[in-house]
Chemist: 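I have a structure I would like to understand better, so I am pasting it below and will then ask my questions one at a time.
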Amino acid sequence: QVQLVDSGGGLVQAGGSLRLSCVASGSIHSINAMGWYRQAPGKQRDLVATITSDKSTNYADFVRGRFTISRDNAKKTVYLQMNNLKPEDTAVYYCNANIRRAGTWYVRDYWGQGTQVTVSS
């Protein structure tokens, strides 16, 4: 079994900050890319940011310069530091990780359960 648990969401005023965390656990051989996505009500799930195992990063244009993705490989954890939050950042944020299970060559994407971020104006 492999599990991703994300946390850190909440209610914040516009201009504020939040830090999301996502921990992978279970029978893991290795973790490739990790990332964050978000989904607002009635909208599709959008990519926010990704980070490779060697810590190369990629950001959606709408968060570049405000959000920072990072990871701690030893802790199997990915973070999303969100600064200067705007009301349009309100969404459920999901972490994602491409994981190879221990003892296998099987690789697939796993998702966290989601954490709500609400930004008030």
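The figures here come from the full heavy-atom set of this structure, side chains too, leaving out hydrogens, waters and symmetry mates.
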Chemist: Output, in order, the C-alpha distance, side-chain angles, deciding distance and verdict of salt bridge (Lys or Arg N to Asp or Glu O under 4.0 Å) for Asp89 and Lys86.
Modeler: CA-CA 5 Å; Asp89 294 319; Lys86 304 175 180 181; over 6 Å; no
Chemist: If only atom types and distance count, is the side chain of Arg71 paired as donor or acceptor with the main-chain N or O of Thr52 below 3.5 Å?
Modeler: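 Side chain of Arg71 to backbone of Thr52: a pair is present.
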Chemist: Looking at side-chain heavy atoms only, is the closest gap between Ile31 and Val78 below 4.5 Å?
Modeler: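 Answer no - side chains too far apart.
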Chemist: For Cys22 and Leu4, work out which heavy atoms get closest and say how close.
Modeler: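 Closest pair (atom of Cys22, atom of Leu4, distance): SG-CB, 4.0 Å.
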Chemist: With side-chain contact (heavy atoms from CB on, under 4.5 Å) as the test, pick out the partner of Arg101 among Ile28, Val107, Val2.
Modeler: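 Single pass found, and it is Val2.
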Chemist: Side-chain heavy atoms nearer than 4.5 Å, only ILVMFWY residues, links allowed to pass through others: does that put Ile69 and Leu20 together?
Modeler: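 Yes; Leu20 is reachable from Ile69 via cluster members.
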Chemist: Quick check: do Met82 and Val63 have side-chain heavy atoms less than 4.5 Å from each other?
Modeler: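 The answer is no; the side chains never approach within 4.5 Å.
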Chemist: Check whether the side chains of Asn83 and Ser17 place a donor and an acceptor atom closer than 3.5 Å, and report yes or no.
Modeler: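 Distance-only check passes for Asn83 and Ser17.
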Chemist: Do any pairs count as a ring-ring contact (aromatic ring centres under 6.0 Å, His included) and have a residue in residues 35-82, sequence neighbours left out, and if so which ones?
Modeler: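 Passing the test, one end in residues 35-82: Tyr37-Trp111.
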Chemist: Distance check, rounded to the nearest 0.5 Å: Tyr94 atom OH versus Leu47 atom CG?
Modeler: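 Result: 15.0 Å between the selected atoms.
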Chemist: Closer than 3.5 angstrom, by distance alone: can the side chain of Asp6 be matched with the main-chain N or O of Gly114 as a donor-acceptor pair?
Modeler: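 Yes, Asp6 side chain to Gly114 backbone: donor-acceptor pair under 3.5 Å.
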Chemist: Once you round to the nearest 0.5 Å, how far does OG of Ser70 lie from CZ of Arg19?
Modeler: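 Nearest 0.5 Å value for the OG-CZ distance: 6.0 Å.
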Chemist: Roughly how far apart are Gln13 CD and Leu85 CG, rounded to 0.5 Å?
Modeler: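 Answer for the CD-CG pair, Gln13 versus Leu85, is 11.5 Å.
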